[in-house]
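Read the structure below first, then the notes.
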Amino acid sequence: MSGPILDAQGLTVPGRLEDATFELVRGTTVAVVGPSGSGKTTLLRIIAGFEAPVSGRLKIDGQLAASRGRVRIPAERRHVAFAFQDPALLPHLTVIGNVHLGLRKPLASRRKIAREALADVGLSGFSKRRVWELSGGEAQRVQLARVLAARARILLLDEPFASVDRMCRADLLARIGTRLKERAREGFTAIVTHDPADAIELADLTLVMRSGRVVAFGRYDQIAGGQFGSWPAEFLAAGLAGREIT
Amino acid sequence: MNGPAASIDSRGRRSFLHSLATARYARAKGLLGAWTVTGIALLLAFFPLLYLARYLWSAPPDIVDWIDTWANGTLARQAAETAWVCIVAAVVTIAASVPQAVAVSMYRFRGALLLEGAALAPMLLAPYAAAGAWSELDLGAWSHGPLAMAVQIGFSCAPWAYLALRVAISRLPPMLGEAAAASGMTRVQRIIRVWMPLLAAPLFGAAMFAVARAFGDYGTAARNGAHTFGVSFHDIWNGTQSTHVAAVVALIAAVPAAAVVWFASARATHNVTRRQGGLAGVASWKKVAPPGLMLPAVAGWAIICLALSFAVPEWQYLRWAIDGRWMGWSKAIDVSLDALSTSGAVAVGLAGMGVACALLLRPGARSGLAERSIWLVSINLFIPPMALALAWLAATADGSWLAGALGEARDGTFPLLLAQAIKLAPFAMLPVLDRVARENELLRDALRTAGLPRGAAAAHVLRMTAPAIALGAAMVFMEAVKELEIAITLQPFGYRSPALKIHDLARFHAEYAIAGWLFISQALMLPALLGVVAWLAHLDKSGRLA
């Protein structure tokens, strides 16, 4: 199908998101960056179908998904894989059960896919562990494994590396960066991150948010070069230097 | 951020406001399920009280005379005695549960399971049965009278307090204590300034539970010769045969009860401590060895409590059973089946309400007023059970619309089942409400993005809440087996239960015959008690995700 895979026009949620407008073409990986409270998670939740914008409209693959306070296509029908900021792992399932949750295949196939996904995130051998036996970083990686296993066309990752240490993060990025791009071919991937370095490593495009507004959307080098104004460039530079600006 | 409505023209503003209204309507529609289950729960819970309230408006003069005589006569003495019994019962409940709960929840030692079993064993002994044993020992005020009643009620409530405290302590974020220690607080300071405020709610709840039990109890009070409200209410009912009396007593109890419960619901639905998978490795409570003489002290105290609450009366009954005569297997089985069917039906019915709550309430205490309102079912814990039973009698009297609607069911066990379910609903609902409030709301979103069909997603939700539902059902079952006051009033012709047998035989001080029925009731309750113990083991293992 031609046309953008995602078409957001004037998405507004009072107090959290204001007039967010952008388009994504098929196969794009976009990094959503911005200070805390800038509306990044709200934007992802609207794309996922958990919330509806009070005004504006969202189209996914040409179909109206949400508009004017109503979710038109519910989350369960959007073929989305979502990695939440807090690991959302079902406590009554083992790690492997959490990874292949929702796969509609025979059990043997589901387990095979899940084991491959766990290997991708460096958690081979964790299949039978229980959720309460995991550290924060391990839980986040299990969630990433679930996203990889889901084979969804839209991947939404909300701070997927927040609980992961730097060494592990570099290893993880090396492992899954290619996988995420492969998954995005039929749809798109959006990654919310505080760290602009993730935008460089993983994303084709960067979307910078501030106080609920989209202040820049384009290639990293364009934004960093000041094409969208000084603030977005300063924000990216400060993020790389390890400082936070608001 | 500037308000978006301010920057657009009037047509755009109307469109924006329309969208806002649509979003709010969608949210309200999403709460329809929550309000449905709340509405059903409150309708059932308040039906007796609402029915009794009618009678206040039509009290005939002679009833007013009865109440006036009571108020000018024995009321003051009964009020004083009831208050004293309530306070002592609350103190005993707290004292007999806190040390054991702290020890088992926080420390690792051999024999923890035994200590837990000792704390929970009194669940198998109804206070009116304990009263019978102690009265025969003839130890003065410790065997007979208000002090004995208060101690027996207190010990009977201690296992519930222990359960609530075990759960509350296991959910305390350990980093709070670590942060306090790092800031220089001593152990005593941490107990007073960090842990006690966090445990204030369950401690208060445990005390209120003992107060509620002592306030409305009749069986234990009668056995001890105490003159508390439960006895006077029963005597007035016998004297007046009047629903108006029931109305006055019940509604006087309901007002403070509603205030207490509403306050408790605020604490329970705000600032809920949530435990999420993935934090266990960072924040799990590693049990350590108990310090110094703590273990011998707690163990000694637990042995004393076990002896007074369970072992001594149980030993008495064992001796009587040995010396007595077996009632016969046929009679034993018939009575057991009656109790099993009614108690089981009450437990299953309330488990169904728990399932409805789990599916229809929003996780993370986000159902707002709908969720908080369900807590009001706890008001019936404070109403004398006989008042509740009498409300049902009046509501189903010959010629009433409810009698017509029920038909033949009115003369069966249905009124008994419903009245017991209303009284015991808090035991089933509160664990589920607590579990749903603590659930990570993102889990439901995760199920949606997994694309699971509604049924499969609901199955996952029920699997998460199943332990809480099972705990509630086990507690309801045990309480229903022991329940006496409602059974006395609403038992249909031919219905029998071990509790009723014990009560009937107690009037003749036939302890040799009572013993057999007591052991039968304990055999019926034992599997449920073992279920509670298993649930606590799961709580410890699961990092408090149960």
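This is a predicted model, so every value here is computed, not measured.
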- prompt: Which atoms of Arg146(A) come close to chain B, meaning under 4.5 Å heavy atom to heavy atom: side chain ones, backbone ones, both, or neither?
  reply: side chain

message: Can you confirm whether Glu186(A) is buried at CD, in the sense that more than 12 heavy atoms of other residues, nucleotides or ligands lie under 6.0 Å from that atom?
response: no

message: Can you tell me which portion of Arg77(A) sits under 4.5 Å from chain B's heavy atoms? Options are side chain, backbone, both or neither.
response: neither

message: Under 4.5 Å from any heavy atom of chain B, what part of Ala150(A) do you find: side chain, backbone, both or neither?
response: neither

message: Ring-plane angle category for Phe50(A) and Phe84(A), please: parallel below 30°, perpendicular beyond 60°, tilted otherwise.
response: parallel

task: Please determine if Asp158(A) and Arg45(A) form a salt bridge, counting it only when a charged side-chain N lies under 4.0 Å from a carboxylate O.
output: no

field: chain B interface, residue from Val142(A), Leu93(A), Leu156(A) that has the most non-hydrogen pairs under 4.5 Å
entry: Leu93(A)

Under 3.5 Å donor-acceptor pairs involving side-chain atoms of residues 457-474 of chain B, not counting sequence neighbours:
residue, atom, partner, partner atom, Å
His460(B), ND1, His92(A), NE2, 3.0
Thr465(B), OG1, Val461(B), O, 2.9
Thr465(B), OG1, Leu462(B), O, 3.4

